[in-house]
**Q** 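Take a look at the following structure, please.
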Amino acid sequence: MYPGEWAKKCPEKIAVVDSVTGDALSYSELDSKSNQLAHFFRAQGIEKGDHIALFGKNDIKFFEISWAAFRSGIYLTPVNCLLKSDEVSYIVNNSNASLVICDKRLEDICKPILSDINSSINKISFNGHIDGYENYEDVLGEYSEEPLEDQPKGTYMFYSSGTTGRPKGVKWPLPDEQIGEDSAHFLFHRELWSFDEDTISICSSPLHHAAPAYMAMTTHAFGGTLVMMPKFDAEEALRVIEKYRVTHGQWVPTQFIRMHKLPEKTKARYDLSSMKFALHAAAPCPVELKEKMFDWWGPVFYEYYSGSEGVGMTHARPEEWLKFPGTVGKPLMGTLHICDEDGTELSIGEIGKVYFESDHEFTYHQDEKKRQNAQHPDSQNWTSLGDIGYVNEEGYLFLTDREQFLIISGGVNIYPREVEDTLVMRDDILDVAVIGVADDEMGEQVKALIQLAPGTLE
């Protein structure tokens with residue numbers, strides 16, 4: 001399904017609302033505006049398989065642009081709004097974007113990139129005019145609200161975090177389908193987490209990340225309503241859940257920590273009983289924290305482990321996690337393999353590099369070497385996302401850390417996450433990062449960088 005279908009069935013139903021401003025789009029408006037933008041793409045010669053980039057903060061226009069790309073056979077790259085101008089320019093140029101759409105609120109970054117990006121790239125700004133850019137609303141007003149006759153499916157091309165070297169675009173093959181045909185990706189989400197017309201979903205994370213963007217689009221695919229937070233705030237998230245009777249949410253453990261550490265009186269103020277599916281990923285959740293969240297919210301937490309590459313996925317339902325605390329679940333997509341540094345497969349319970357065996361096709365845009373480095377040395381269809389972990393006898397995966405975060409001190413492997421999980425639960429610590437620093441005797445020693453909770457030193 002897609003907004004065009006829901007625009008026919010329930011045109012006035014709210015598709016997305018901004019939790020702060022109250023600005024909203026009905027399904028009819030979302031369909032019309034995405035149609036207009038799709039016509040603009042076609043008029044500019046942007047065809048199936050071409051690329052565009054979107055640089056902005058969380059904004060309801062994200063969905064107009066996303067659905068326009070998704071109904072035009074286009075790769076859309078949402079660019080991290082926290083990047084500097086040279087980093088933004090690199091992604092726009094590297095993605096071969098034919099068009100970049102920028103947010104007026106990021107004008108200080110948008111202006112400098114004009115001299116760095118390819119001069120042939122079309123440029124549009126929304127939320128106000130930026131010199132050197134066409135105005136978004138003026139552009140839309142010139143085109144029809146009716147759908148194009150040919151509407152091939154497009155998708156996102158997200159860029160990796162770039163923790164080692166430049167970020168790389170994770171590119172999937174485009175489906176050979178029209179937008180009106182059912183999406184296997186969205187149907188998979190519905191099967192797991194019961195998205196439907198009654199879903200009210202909260203988006204509390206930046207939309208330049210894959211998980212919140214895809215979950216938001218899943219809400220629209222099945223006719224639900226999305227409540228978009230421009231920026232995460234712990235108490236505001238609770239208020240939004242109560243006000244809108246939110247049923248679904250995509251979270252990360254850091255957000256759980258922020259909400260958990262609110263004063264007890266604050267937490268008790270809000271009715272969260274509407275929440276049925278609290279989905280979370282991106283990083284393993286500290287066991288103690290998740291147990292406390294279960295005590296507070298009830299058995300609504302569904303954890304999964306995957307990546308933009310799409311080569312595999314594990315999933316833990318609430319009852320599974322409670323039986324095996326700390327697990328990120330059993331594989332739903334791909335076959336798990338745990339291997340040592342040489343690629344030799346390890347036994348149950350032994351810690352090693354996590355690989356998914358999968359025939360799913362993907363590439364790192366313009367970087368075949370990175371694709372090769374992610375593969376198992378002897379098996380081309382075994383791909384690692386860069387994590388270390390082990391599998392128990394029942395087949396559940398436990399992650400110990402990221403491969404590049406591993407600290408080796410005196411020949412002993414130290415996993416920073418174990419230390420971070422312990423420290424972050426202290427009331428006087430707001431956040432912590434544990435790193436390895438050079439040491440002449442031990443090779444590396446462990447250092448913790450701590451952000452104290454407000455008022456700790458008062």
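Computed from a predicted model, the values in this text were never measured in an experiment.
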**Q** Nearest 0.5 Å, please: how far is CE in M228 from OG in S19?
**A**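 If we round to the nearest 0.5 Å, S19:OG and M228:CE are 6.5 Å apart.
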**Q** What distance do M157 atom CE and I52 atom CD1 have between them, rounded to the nearest 0.5 Å?
**A**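 The CE atom of M157 sits 11.5 Å away from the CD1 atom of I52.
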**Q** Report the residue from K231, K104, R105 that forms a salt bridge (charged side-chain N to carboxylate O under 4.0 Å, His left out) with D59.
**A**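 Going through the options one by one, the only one that passes is R105.
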**Q** Do T218 and R190 have side chains that approach each other closer than 4.5 Å (heavy atoms only, starting at C-beta)?
**A**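 With C-beta onward as the side chain, the pair stays apart.
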**Q** Quick check against the 3.5 Å criterion: does T225 have a side-chain atom that pairs as donor or acceptor with the backbone of I14?
**A**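 Yes.
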**Q** Nearest heavy-atom pair of G389 and I338: which atoms, and what distance?
**A**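 Minimum heavy-atom separation between G389 and I338: O-CG2, 3.4 Å.
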**Q** Under a 4.0 Å threshold between the charged nitrogen and the carboxylate oxygen, would E303 count as salt-bridged to K290?
**A**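 Salt bridge present between K290 and E303.
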**Q** So, for A15 and L30, which heavy atoms are closest and what is the spacing to 0.1 Å?
**A**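 Nearest heavy atoms, A15 then L30: CB-CD2, 3.9 Å.
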**Q** How far does OH of Y302 sit from NE2 of H280, to the nearest 0.5 angstrom?
**A**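 Going from the OH atom of Y302 to the NE2 atom of H280 covers 11.5 Å.
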**Q** Answer yes or no: is there a donor N or O on one side and an acceptor on the other, between the side chain of T254 and the main chain of I257, under 3.5 Å?
**A**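 It does not hold such a pair.
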**Q** When you check the gap from the basic side-chain N to the acidic O, do E320 and K323 get nearer than 4.0 Å?
**A**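 Salt bridge absent between E320 and K323.
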**Q** Counting C-beta onward and ignoring hydrogens, is there a side-chain heavy-atom pair between K171 and H51 closer than 4.5 Å?
**A**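 A side-chain contact under 4.5 Å exists here.
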**Q** Taking the side chain as every heavy atom from C-beta outward, state whether W251 and F301 have any atom pair closer than 4.5 Å.
**A**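 A side-chain contact is absent here, since even the closest heavy-atom pair is not under 4.5 Å.
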**Q** Check R71, K8, K13 against D31 for a salt bridge (charged side-chain N to carboxylate O under 4.0 Å, His left out) and give me the one that passes.
**A**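 With D31 as partner, R71, K8, K13 yield a single salt bridge (charged side-chain N to carboxylate O under 4.0 Å, His left out), made by R71.
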**Q** Would you say N94 and Y159 make side-chain contact, with heavy atoms under 4.5 Å?
**A**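 Yes, at least one pair of side-chain atoms sits under 4.5 Å.
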**Q** Is it the case that over 12 heavy atoms from other parts of the model lie below 6.0 angstrom from the NZ atom of K48?
**A**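 Enclosed.
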**Q** Does any part of the side chain of N35, heavy atoms only, come nearer than 4.5 Å to the side chain of Q151, both counted from C-beta?
**A**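 When only atoms from C-beta onward are counted, N35 and Q151 do touch, with a gap below 4.5 Å.
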**Q** Do F62 and V16 come within less than 4.5 Å of each other through their side chains, counting heavy atoms only?
**A**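 A side-chain contact under 4.5 Å is absent here.
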**Q** Has the side chain of S358 got a donor or acceptor atom that lies under 3.5 Å from a matching backbone atom of G312?
**A**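 It does not hold such a pair.
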**Q** Search all heavy atoms of A281 against all heavy atoms of P253 and return the closest pair with its distance.
**A**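 For A281 and P253, the tightest heavy-atom pair comes out as O-CD, 3.6 Å.
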**Q** For Y136 versus L37, what's the shortest heavy-atom pair and its separation?
**A**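 The answer is OH-CD2, 4.0 Å.
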**Q** Looking at E107 and K111, is any side-chain nitrogen of the basic one under 4.0 Å from a carboxylate oxygen of the acidic one?
**A**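 A salt bridge links K111 with E107.
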**Q** So, taking the atom named SG in C110 and the one named CG in D108, what distance separates them when rounded to the nearest 0.5 Å?
**A**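 Rounded to the nearest 0.5 Å, the SG-CG separation comes out at 9.0 Å.
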**Q** Determine yes or no for a side-chain-to-main-chain donor-acceptor pair under 3.5 angstrom, with S125 supplying the side chain and N135 the backbone.
**A**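 Pair absent, no side-chain N/O of S125 close to backbone of N135.
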**Q** CG/L140 to CD/E137 distance, rounded to the nearest 0.5 angstrom?
**A**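 Going from the CG atom of L140 to the CD atom of E137 covers 6.0 Å.
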**Q** Evaluate the side-chain proximity of I124 to Y133: yes if any heavy-atom separation is below 4.5 Å, no if none is.
**A**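 Not in contact.
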**Q** May I have the step-by-step check of side chain to side chain contact (heavy atoms under 4.5 Å, CB included) for L336 and Y355, ending in yes or no?
**A** CA-CA 6 Å; L336 280 174; Y355 288 90; over 6 Å; no
**Q** Quick one: does Q255's side chain have a donor or acceptor within less than 3.5 Å of a partner on S204's backbone?
**A**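 Answer holds: yes.
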**Q** Checking T247 side chain against I200 main chain: does a donor-acceptor pair fall under 3.5 Å?
**A**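 Yes; judged by distance alone, with no hydrogens or angles, the pair exists.
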**Q** Does F188 reach the side chain of L332, with side-chain heavy atoms less than 4.5 Å apart?
**A**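 Yes, close enough: below the 4.5 Å cut-off.
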**Q** Would you sort out whether L99 and F40 count as a side chain to side chain contact (heavy atoms under 4.5 Å, CB included), showing the intermediate values?
**A** CA-CA 11 Å; L99 168 71; F40 169 76; 4.0 Å; yes
**Q** Tell me if the CD atom of E191 is crowded by more than 12 foreign heavy atoms within 6.0 Å.
**A**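 Atom CD in E191 is not packed in, count stays at 12 or less.
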**Q** Set out, in order, the CA-CA distance, both residues' side-chain angles and the distance that settles side chain to side chain contact (heavy atoms under 4.5 Å, CB included) for V92 and D116, then state yes or no.
**A** CA-CA 10 Å; V92 172; D116 295 333; over 6 Å; no
**Q** Quick check on the 6.0 Å ring-centre criterion: do F195 and F222 meet it?
**A**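 Ring centres of F222 and F195 not closer than 6.0 Å.
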**Q** Keeping the roles fixed (side chain from D103, backbone from K57), state whether a donor-acceptor pair exists under 3.5 Å.
**A**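 The answer is yes, because a donor-acceptor pair under 3.5 Å joins these two groups.
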**Q** Kindly state whether the ring of Y214 and the ring of F186 have centres lying under 6.0 angstrom apart.
**A**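 Not under 6.0 Å, so no.
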**Q** Quiz question: by atom type and distance under 3.5 Å, do the side chains of Y156 and S66 form a donor-acceptor pair?
**A**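 A donor-acceptor contact under 3.5 Å links the two side chains.
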**Q** Quick one: pull up OG1 in T21 and CD1 in I60 and give me the separation to the nearest 0.5 Å.
**A**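 Between T21 OG1 and I60 CD1, I get 6.5 Å after rounding to 0.5 Å.
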**Q** State, to 0.1 Å, how close H315 and R317 come at their nearest heavy-atom pair, and which atoms those are.
**A**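 Heavy-atom minimum between the residues: CE1-CG, 3.7 Å.
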**Q** Report yes or no: does T77 contribute a side-chain atom to a donor-acceptor pair with the main-chain N or O of A53 at less than 3.5 Å?
**A**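 Answer holds: no.
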**Q** Could you tell me whether the side chains of Q250 and S205 share a donor-acceptor contact shorter than 3.5 Å?
**A**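 On atom types as modelled, these side chains do not qualify, holding no pair under 3.5 Å.
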**Q** Donor-acceptor pair, distance only, cut-off 3.5 Å: does the side chain of N93 make one with the backbone of N118?
**A**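 Side chain of N93 to backbone of N118: a pair is present.
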**Q** Pick out which of Y390, W321, F324, Y305 makes a ring-ring contact (aromatic ring centres under 6.0 Å, His included) with Y396.
**A**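 Running ring-ring contact (aromatic ring centres under 6.0 Å, His included) over Y390, W321, F324, Y305 with Y396 returns exactly one hit, F324.
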**Q** Is there a donor-acceptor pair closer than 3.5 Å between any side-chain N or O of D271 and the backbone N or O of E242?
**A**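 No, D271 side chain to E242 backbone: no donor-acceptor pair under 3.5 Å.
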**Q** Write down the atom of L207, the atom of A216, and the distance for their closest heavy-atom approach.
**A**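 Here L207 and A216 meet closest at CD2-CB, 4.4 Å.
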**Q** Have Y27 and E5 got a donor and an acceptor in their side chains that come within less than 3.5 Å?
**A**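 Per modelled atom types, Y27 and E5 side chains form no pair under 3.5 Å.
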**Q** Passes side chain to side chain contact (heavy atoms under 4.5 Å, CB included), V79 versus V100? Steps please.
**A** CA-CA 10 Å; V79 182; V100 58; over 6 Å; no
**Q** Do W67 and W6 have ring centres separated by under 6.0 Å?
**A**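 They do not qualify: ring centres at least 6.0 Å apart.
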**Q** Between E181 and K153, is the closest basic N to carboxylate O distance under 4.0 Å?
**A**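 No.
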**Q** Is E264 salt-bridged to K267, cutoff N-O under 4.0 Å?
**A**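 Answer for the salt bridge query: yes.
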**Q** For residues W172 and H185, establish whether the separation of their ring centroids is below 6.0 Å.
**A**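 Yes; H185 has its ring centre under 6.0 Å from that of W172.
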